[in-house]
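The structure under discussion appears below in the form of structure tokens.
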2 protein chains.
Amino acid sequence: MYSKELLKGTLTTIILKLLSHNGKMYGYEITQRVKILSDDKILIKEGSLYPALHKLKDDGLVKTDEEMVGNRVRKYYSLTEKGKLCTEEKVNELHQFIGTLQNILTDKPSIA
Amino acid sequence: MYSKELLKGTLTTIILKLLSHNGKMYGYEITQRVKILSDDKILIKEGSLYPALHKLKDDGLVKTDEEMVGNRVRKYYSLTEKGKLCTEEKVNELHQFIGTLQNILTDKPSIA
DNA sequence: CAATTATATATAGAAGTTCTAGGTATAACT
DNA sequence: AGTTATACCTAGAACTTCTATATATAATTG
């Protein structure tokens with residue numbers, strides 16, 4: 001389990017990217033998928049996930065539709081058109097940031 | 001300039017790594033070094049740096065000594081023994097986190 | 001030589017994200 | 001029957017970083 005602070009700033013991008021890759025997902029599914037993809041090192045808590053999803057919806061980046069599964073309602077999240085554009089930008093930015101971080105961790109200037 | 005959130009959780013590791021690499025540095029020098037290493041994409045503000053440095057000192061990871069430069073006092077920060085151990089751990093953790101992030105961004109499980 | 005910019009340290013309060021802890025409910029397993 | 005997994009949600013706390021501000025010296029520029 002990584003120290004919690006590391007996730008800050010990347011959670012939204014992670015959610016968007018998973019939605020982009022899988023089409024539609026529900027909340028619990030996202031937490032489990034991240035758990036698996038991270039080999040149990042990133043455990044997203046509900047108290048982190050749902051506020052993040054709701055903010056994404058408020059911002060118009062995701063939309064929801066509900067399906068009945070057995071006796072209960074399952075809420076699926078998927079990207080809007082705006083969300084698709086934003087995902088691409090955010091993933092690019094994160095990739096660049098990772099590159100910059102690696103330069104700093106080796107104390108090498110990005111510019112040759 | 002990256003969105004501010006990305007830096008969260010990594011600033012302390014960045015500072016520790018720079019101190020580890022350069023022996024001793026003063027505050028302003030750290031901001032300028034990060035600016036150069038990141039090709040102007042990470043601009044650490046004073047309001048971020050000094051609280052972070054003071055916390056590192058409170059936690060016993062860095063120590064300070066002051067030198068006169070011209071007419072003014074310059075405060076140098078350097079790693080304590082505890083700080084050196086902690087730096088190694090934190091840098092390793094960050095490297096692993098970056099690896100995990102890259103798996104997630106391609107939606108590939110870490111475990112084969 | 002006056003004004004601006006760069007150097008240099010610091011703090012208070014705001015803003016934002018994620019976590020802890022709690023609540024609710026169904027389904028599956030033992 | 002009791003526990004665990006599934007599934008959604010919220011309030012308030014905790015933490016980090018930022019904005020804005022204060023102070024002061026040194027160097028540059030018009």
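This is a predicted model, so every value here is computed, not measured. To find a chain, count down the sequence lines: A is the first, B the second, and so on, and within it residues start at 1.
- Between B/Tyr28 and B/His54, the residue anchored nearer the 5' end of DNA chain C, judged by the nucleotide with its closest heavy atom, is B/Tyr28.
- B/Arg74 contributes no side-chain N or O that forms a donor-acceptor pair with the base of C/dT9 under 3.5 Å.
- A sub-4.0 Å separation between OP1 or OP2 of C/dA8 and a side-chain N or O of B/Lys75 is absent.
- Residue contacts shown for B/Tyr2 are absent, as no nucleic acid heavy atom lies under 4.0 Å away.
- The side chain of A/Asn71 contributes an N or O atom lying less than 4.0 Å from OP1 or OP2 of C/dA27.
- Between the side chain of B/Arg72 and the base of C/dT7, a donor-acceptor pair under 3.5 Å is found.
- Using a 4.0 Å cut-off between charged side-chain N and carboxylate O, B/Lys24 and B/Glu29 make no salt bridge.
- Distances from the side chain of A/Thr12 to the nucleotides D/dT16, C/dT18, D/dT19 place C/dT18 closest.
- B/Gly47 comes within 4.0 angstrom of a nucleotide base, judged by non-hydrogen atoms across all strands.
- Within the 4.0 angstrom heavy-atom criterion, base atoms lie near B/Glu46.
- Nearest nucleotide to the side chain of B/Tyr50, out of C/dT11, C/dT17, D/dC9: C/dT11.
- Annotation: salt bridge (charged side-chain N to carboxylate O under 4.0 Å, His left out) contacts involving residues 84-95 of chain B, sequence neighbours excluded, comprise B/Glu81-B/Lys84.
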